[in-house]
Number of protein chains: 2
Amino acid sequence: MSLDYAILGFLNYKPMTGYDLKKVFDDSVRHFWYADQSQIYRTLNRLNEQGWVQREVIEQDNRPDRKQYSITGQGREALQKWLISQPAEEAPHSSPLIQVFFAGQFPDEVVVKMFEFLDKAMDQQLAQYGEIPEKIEEYRRMLHSDREMYFWNATLDLGVRIAKVQQEWARDLISDLKDHRVPQK
Amino acid sequence: MSLDYAILGFLNYKPMTGYDLKKVFDDSVRHFWYADQSQIYRTLNRLNEQGWVQREVIEQDNRPDRKQYSITGQGREALQKWLISQPAEEAPHSSPLIQVFFAGQFPDEVVVKMFEFLDKAMDQQLAQYGEIPEKIEEYRRMLHSDREMYFWNATLDLGVRIAKVQQEWARDLISDLKDHRVPQK
DNA sequence: GTATTATATATGCTATCTCCTATATAATAT
DNA sequence: ATATTATATAGGAGATAGCATATATAATAC
């Protein structure tokens, strides 16, 4: 699974705990990969059994011990192999588009509201994207590499471009609806 | 789940079997919703138990009996309620972007190949999108409604716009890499 | 002649995901 | 004072997805 490799990718920068990983995921790749907390812990256990990561327990008082994971040679090999492999195309699943697809049965005013909602949602998303560079800044030191940052930013750039396209699309549809260019039943 | 409502959406046009549905899905909404065959059958069974669809068995010789499903009043209510509801935002998951995100560790030539692959993949996707209108044409009669077709086409239009944006993005990155505008390690 | 595609449904198995909940303390915010 | 957030990990339960496979015949393609 891809989560495996995303985790390995981060551990390849430096050893981390499940807790650390959850934060890094949320700060840096949330715009294209949401990682569930319990899933991160379960995956780390599995990767450890597989020998792709190594666990080091750091004892603490008053708190659960930190379990720090580092990538192993095998893990690094698997990661690099996967990173340059051709991605198996994923089966698309977009429920908002199901709504659009069957929207024809509703009157124009109702459909306009649907697209206005999408328009605003894209505003919010773009605003959220705007905050990511600051969060990422904290990790610049961890990476100490402008090259890495370039590709981190590239994924964000794509997110922004897609959000804008979706917004334009929604707005074009709103215009069509308001100017009565959409056929009636 | 959204598959429930996509199925109800189609059954709202006319009664169909699982086999019919699989074809309609593949012909019309594959660009944003891939439906697994076994999942369609299982979902139909569940929807039947829920009372959202009704099953009529049509006996056949030499073949398994056709099990034709029609939407019920309850099902139609549920469908309409869902269609105009605000979509719960989905957790994004894009493995190709994981590859981009961690691409910095590879030399320029390797990364260029990754993006060239994406560029070509978008060409193929756009070509596939080009074939959809013909396939959809068969269903125009089923719908006998230009209004419905308008929204079918809208989903396709969005797919095309996004594919083009991704392609531009990939090409921009290729230029940056080839012109040495991407920082080295 | 042989292989594939179309017609039609169904189940087993596994992986995985998501949600919720549990535990425990310190520090910060209101 | 009280509530929330940060630190840290983990498991149960249920839903669903995906893949493979089974069955059986007719028609079409090569």
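It should be emphasised that the depicted structure is a prediction, and the values quoted were computed from it without experimental measurement. Lettering follows sequence order; numbering is per chain, from 1. Values reported hereafter were calculated over all heavy atoms of this structure, with side chains retained and with hydrogens, waters and symmetry mates removed.
Across the protein-nucleic acid pair, B:W33 atom CH2 and D:dA17 atom P stand 7 Å apart, rounded to whole Å. Rounded to a whole Å, the CZ atom of A:R66 is 13 Å from the C1' atom of D:dA6. If you measure from atom NE2 of B:H93 to atom C1' of D:dA17, you get 14 Å, rounded to the nearest angstrom. Rounded to whole Å, the distance from CG on A:L44 to C1' on D:dT9 is 11 Å. Distance B:D4 CG to D:dT16 P: 7 Å, rounded to the nearest Å. Rounding to whole angstrom units, CE of residue B:M1 and P of D:dG18 are separated by 11 Å. Atom-to-atom, CD1 of A:I7 to C1' of C:dT16 comes out at 13 Å; the value is rounded to the nearest Å. Across the protein-nucleic acid pair, A:Y41 atom OH and D:dT9 atom C1' stand 5 Å apart, rounded to whole Å.
In this structure, A:I71 and A:W52 have side chains that are not in contact, with every pair of non-hydrogen atoms separated by 4.5 Å or more.
Ring-plane geometry between A:Y129 and A:H31 is classed as perpendicular, the angle between the planes exceeding 60 degrees on a 0 to 90 degree scale with a lower cut at 30. Taking the six-membered ring for Trp and thresholds of 30 and 60 degrees, A:Y139 and A:W152 have ring planes inclined between 30 and 60 degrees apart.
The six-membered or imidazole ring of B:Y5 lies away from that of A:F102, with a centre-to-centre distance of 6.0 Å or more.
At a cut-off of 3.5 angstrom, counting only N and O atoms as typed in the model, there is a donor on one side and an acceptor on the other between the side-chain of B:S38 and the base of D:dC19. If you check distances only, the side chain of A:R42 does reach the base of D:dG12 with a donor-acceptor pair under 3.5 Å. Checked by distance alone, B:Q37 brings no side-chain donor or acceptor within 3.5 Å of a matching partner on the base of C:dA8.
One finds no side-chain N or O of A:Q39 lying less than 4.0 angstrom from the OP1 or OP2 phosphate oxygen of C:dT18. Dashed line: the shortest gap from a side-chain N or O of A:Y19 to OP1 or OP2 of D:dT7 is under 4.0 Å.
Counting heavy-atom neighbours within 6.0 Å of A:E59 CD, excluding the residue itself, gives a total of 12 or less.
When each of A:P64 and A:A35 is assigned the nucleotide of DNA chain C with its nearest heavy atom, A:A35 is the one assigned upstream, toward the 5' end.
Residue B:T17 has its side chain nearest to C:dT9 when only C:dT9, C:dT16, D:dG18 are considered.
Note on B:K22: nothing from the nucleic acid sits closer than 4.0 angstrom, heavy atoms only.
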